[in-house]
2 protein chains.
Amino acid sequence: MAQAQILSKNQQMVFQIIEKAKGPLKAYSILYDVQKKGIKAPLQVYRALDKLLELGKIHKIESRNAFVACKNSNCEITKATAFSICEKCEKVTEINNSKLTNYLSNFQDTTGMKYSKYNLEFFGLCKKCK
Amino acid sequence: MAQAQILSKNQQMVFQIIEKAKGPLKAYSILYDVQKKGIKAPLQVYRALDKLLELGKIHKIESRNAFVACKNSNCEITKATAFSICEKCEKVTEINNSKLTNYLSNFQDTTGMKYSKYNLEFFGLCKKCK
DNA sequence: AACGGCTTGTTATAATATAACATTTATTAA
DNA sequence: TTAATAAATGTTATATTATAACAAGCCGTT
């Protein structure tokens, strides 16, 4: 049985902040928070973020340079991510739709490229902002 | 008949450089190029980029903070973009697949969000790097 | 000519991210 | 257990990406 990944001190601190947040967090706003707890420099945050991304515990919203906790249970590796983003309130939701995942994971283009990963971001207005 | 959008001087300069390039260009590498031709400051480049994005003449590769010319004829508005990105040589290809476009344009998630736009980035190894 | 809209020019600065190097802690393997 | 190795940390400095704020110019319309 695979043991749950144990996070280091800094990784834990950064992860907990992202997990508790209601929306995507930016690296420097995370830094601001963890400065109360001993982390002093951007690099310490970025290193933790890198590791958490690698583990699939968090995802990066590329269009926003911001980070969210993964909401899919047992997400271990980040290789197929999809998000909806409200352009007004900036609410971000991770899309967990097996048909979509299937469709994209099996997508082949004409260039003969072998895909190992994708990231999809939908933009629009959420229910409230519509 | 809709007249072709006329670009301003700076917009043209920036567009031509992106169009001629073999791959995605970063803002500051564009700046370096156009400095020979009179543009001096980052903001002048970013303003041109913003306008070109708005017109759909170029797209931004979000995961790379880089810009490519749109390869689809008559692309006027950017609302449905898909790219394949080689993680080794960084070659980027715009995917123009009507089935994919259809599938994603009509995708509905369970949150009731109304989408107006999406961006999809596939990652992997291209034919050469595989 | 006067107005309005867009584009430009310019300086400064904000926001995001990594380089380089020294040290410490944890894990593995003899 | 101890030496070797790998992973994480701490720290200073700096690179890279992007925007704020304000002044001025260009161009079509009225």
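Owing to the predicted nature of the structure, the values given are computational and were not obtained by experimental measurement.
Taking side-chain N and O atoms only, Lys51(B) has no distance below 4.0 Å to OP1 or OP2 of dT8(C). Between dA8(D) and Gln11(A), a contact under 4.0 Å exists linking OP1 or OP2 to a side-chain N or O. Within the 4.0 Å cut-off from OP1 or OP2 of dT18(C), not a single side-chain nitrogen or oxygen of Tyr46(A) is found. Checking the phosphate oxygens (OP1, OP2) of dG10(D), a side-chain nitrogen or oxygen of Asn10(A) falls inside 4.0 Å. Between Ser8(B) and dT8(C), a side-chain N or O to OP1/OP2 separation shorter than 4.0 Å is present. Proximity of Gln44(A) to the phosphate of dT9(D): no side-chain N or O atom is located under 4.0 Å from OP1 or OP2.
Where Arg64(B) and Leu43(B) meet DNA chain D, the nucleotide closest to each residue was compared, and Arg64(B) sits on the side nearer the 5' end. Residues Lys9(B) and Asn65(B) both approach DNA chain C. Their nearest nucleotides, taken by heavy-atom distance, put Lys9(B) toward the 5′ side. Nearest-nucleotide positions on DNA chain C for Pro42(B) and Gly38(B) put Gly38(B) closer to the 5' end.
Checked against a 6.0 Å centroid threshold, the rings of Tyr103(A) and Tyr103(B) count as neighbours.
The distance from atom CG of Asp50(B) to atom C1' of dA20(D) is 14 Å, rounded to the nearest whole Å. Rounded to a whole Å, the CD1 atom of Ile61(A) is 15 Å from the P atom of dT16(C). Residue Leu7(A) contributes atom CG, which lies 15 Å from atom C1' of dT9(D) at whole-angstrom precision. Atom P of nucleotide dT9(D) and atom CD of Gln12(A) are separated by 10 Å, given to the nearest angstrom. Rounded to an integer number of Å, the gap from Phe67(A) CZ to dA15(C) P is 16 Å. What separates CD of Glu62(A) from C1' of dT17(D) is a distance of 14 Å, to the nearest Å. The distance from atom CG of Leu53(A) to atom P of dT18(C) is 11 Å, rounded to the nearest whole Å. We find that NZ of Lys37(B) is positioned 19 Å from C1' of dG9(C), with the value rounded to whole Å.
One N or O on the side chain of Gln12(A) and one on the backbone of Leu7(A) form a donor-acceptor pair closer than 3.5 Å. Between the Glu87(A) side chain and the Phe123(A) main chain, no donor and acceptor come within less than 3.5 Å of each other. Listed for the Gln16(A) side chain is no donor-acceptor partner under 3.5 Å among the backbone atoms of Met13(A).
Among the protein residues, Ile39(B) comes within range of no part of the nucleic acid, since none of its heavy atoms lies under 4.0 Å from any strand.
Smallest separation of non-hydrogen atoms from Gln108(B) and Met113(B): OE1-O, 3.9 Å.
The closest side-chain donor-acceptor pair between Asn10(B) and Ser8(B), if any, does not fall under 3.5 angstrom. With no hydrogens or angles considered, a side-chain donor-acceptor pair links Glu121(B) and Asn119(B) at under 3.5 Å.
Relative ring orientation between Phe107(A) and Phe122(B) is described as parallel, the plane-to-plane angle staying below 30° on a 0-90° scale split at 30° and 60°.
Comparing dT7(C), dT11(D), dC22(D) against the side chain of Lys40(A) picks out dT11(D) as the nearest.
Only Lys26(B), Tyr28(B), listed by number, bring a heavy atom of residues 24-32 of chain B to less than 4.0 angstrom from any atom of DNA chain D.
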